[in-house]
There are 2 protein chains.
Amino acid sequence: MNKREKLKHILSSAGLKATVQRLIILDALSDNYNHPTAENIYKKIKKEYPSISLSTVYNTLEIFRKHGLVRIVNTDSVTVRYDPVTDKHHHLFLEDSSKIEDYYNNELDKLLNKFFSKNKIPNFEINDLQVQIKGKYNKLQTN
Amino acid sequence: MNKREKLKHILSSAGLKATVQRLIILDALSDNYNHPTAENIYKKIKKEYPSISLSTVYNTLEIFRKHGLVRIVNTDSVTVRYDPVTDKHHHLFLEDSSKIEDYYNNELDKLLNKFFSKNKIPNFEINDLQVQIKGKYNKLQTN
DNA sequence: ATTCTAAATAATAATTATTACGAGATAATA
DNA sequence: TATTATCTCGTAATAATTATTATTTAGAAT
């Protein structure tokens, strides 16, 4: 199964029609370059598919979100950032830039689950737990 | 020291001129009604101080933020929400509404600190750790 | 207490980000 | 290949925020 077939399969599995626009947007998302905005996606795919409309990008991202193909990253900014990675993970927010990196740690997840099963919030049902880690790389680091 | 004096002191301690507008905005914030937007604050204080300008509210909140009097809550929405509580805490995000509640737990903080001092992120200096807890209160709960 | 001045405010324009709308195009099924 | 519900494009409308600027003011210096 080639990439296009895979992408088609993702869409149909989510119960979505496989249109050219959706395939291209999904493809752009799968490149996963730092939690893009709608505008980021638009500019990126505009090159290979110039007739795409910005409103289609917005619209499609919202449809993807509703169908669980992307999530919105909680940020302090005015612009919505999307996350194509839907399995459990956390985020590093780099101060001094708007970069956001994924942080995976299974042990952390276990630790949190354990903590919250011991320390239940009265009458509250937890559906998602995410740690936001703010900070910065020291000088050594170049990315 | 009455409330007004206290508020004045907060401003001057932060190195800010104590203007009427700032005092009123700071006062409104201290009521802390569910992590307000700029618009929320504006509408609230407009009653007691009708000559206030929306731009002053935006401007003042940004100045407060720069001086550490408020923080922005990371959300998935387009509208910025402010948090007047500057000491360490976490957030409950209520699904099915836009309510955000504070969650304090010293043990959780210790647990996280311990975890991340054992599991350092290479070359990364953590400045803030926040847990975002998404979920909902079950039917019993009325608030 | 008055004067001075840098900073703050109000009003409004401009910009940015997103959503709404409707006419035409298209994917999926028969 | 015909049908039709859905999708896309282009643009208008709205929402949220930021920029601009003339006027006002808090607080320091007289």
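Since we're looking at a predicted model, the values are computed, not measured. Every chain is numbered from 1, with letters handed out A, B, ... down the list of sequences.
Judged by distance alone, with hydrogens and angles left aside, the side-chain atoms of A:His89 form no donor-acceptor pair with the main-chain N or O of A:Asp102 at under 3.5 Å. Between the side chain of B:Gln132 and the main chain of B:Asn74, a donor-acceptor pair closer than 3.5 Å is present. Judged by distance alone, with hydrogens and angles left aside, the side-chain atoms of A:Arg22 form no donor-acceptor pair with the main-chain N or O of A:Leu7 at under 3.5 Å.
The separation between A:Lys66 atom NZ and D:dC7 atom C1' is 14 Å, rounded to whole Å. Atom CZ in A:Arg22 sits roughly 9 Å away from atom P in C:dA28 (whole-Å rounding). The distance from atom CZ of A:Arg65 to atom C1' of C:dT18 is 14 Å, rounded to the nearest whole Å. Atom-to-atom, CG of B:Asn40 to P of D:dA15 comes out at 15 Å; the value is rounded to the nearest Å. Between the C1' atom of C:dA17 and the CG atom of A:Asp76 lies a distance of 16 Å, rounded to the nearest Å. The CD1-P distance, from B:Ile25 to C:dT9, rounds to 7 Å in whole Å. Rounding to whole angstrom units, CD1 of residue A:Ile52 and P of D:dC7 are separated by 14 Å. Taking atom CD1 of B:Ile63 as the reference point, atom P of C:dA10 lies 12 Å away to the nearest angstrom.
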Can you check side-chain hydrogen bond (donor to acceptor under 3.5 Å, both in side chains) on B:Asn40 and B:Thr37, steps first, answer last? CA-CA 5 Å; B:Asn40 290 154; B:Thr37 66; 3.1 Å; yes
Run A:Glu5 and A:Lys8 through salt bridge (Lys or Arg N to Asp or Glu O under 4.0 Å) and show every step you take. CA-CA 5 Å; A:Glu5 289 306 311; A:Lys8 275 196 168 190; 5.2 Å; no
Check the interface with nucleotides 26-30 of chain D: list each N/O to N/O pair with the protein under 3.5 Å, or write none.
{"unit_1": "D:dG27", "atom_1": "OP1", "unit_2": "B:Ala18", "atom_2": "N", "d": "2.9"}

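Between B:Thr75 and A:Ile72 there is no side-chain heavy-atom pair separated by less than 4.5 Å. No side-chain heavy atom of B:Tyr42 sits less than 4.5 Å from a side-chain heavy atom of B:Thr56.
Ion pairing between B:Arg71 and B:Asp128 holds under the 4.0 Å rule for side-chain N and carboxylate O. A salt bridge is absent between B:Glu107 and B:Lys110; no separation between the charged side-chain nitrogens and carboxylate oxygens falls under 4.0 Å.
At a threshold of 4.0 angstrom between heavy atoms, the contacts of A:Tyr49 are confined to the sugar-phosphate backbone, with no base atom among them. At the heavy-atom level, B:Thr37 lies nowhere under 4.0 Å from the strands shown.
Taking every heavy atom of residues 53-62 of chain B and every atom of DNA chain D, pairs under 4.0 Å involve B:Ser55, B:Tyr58, by number.
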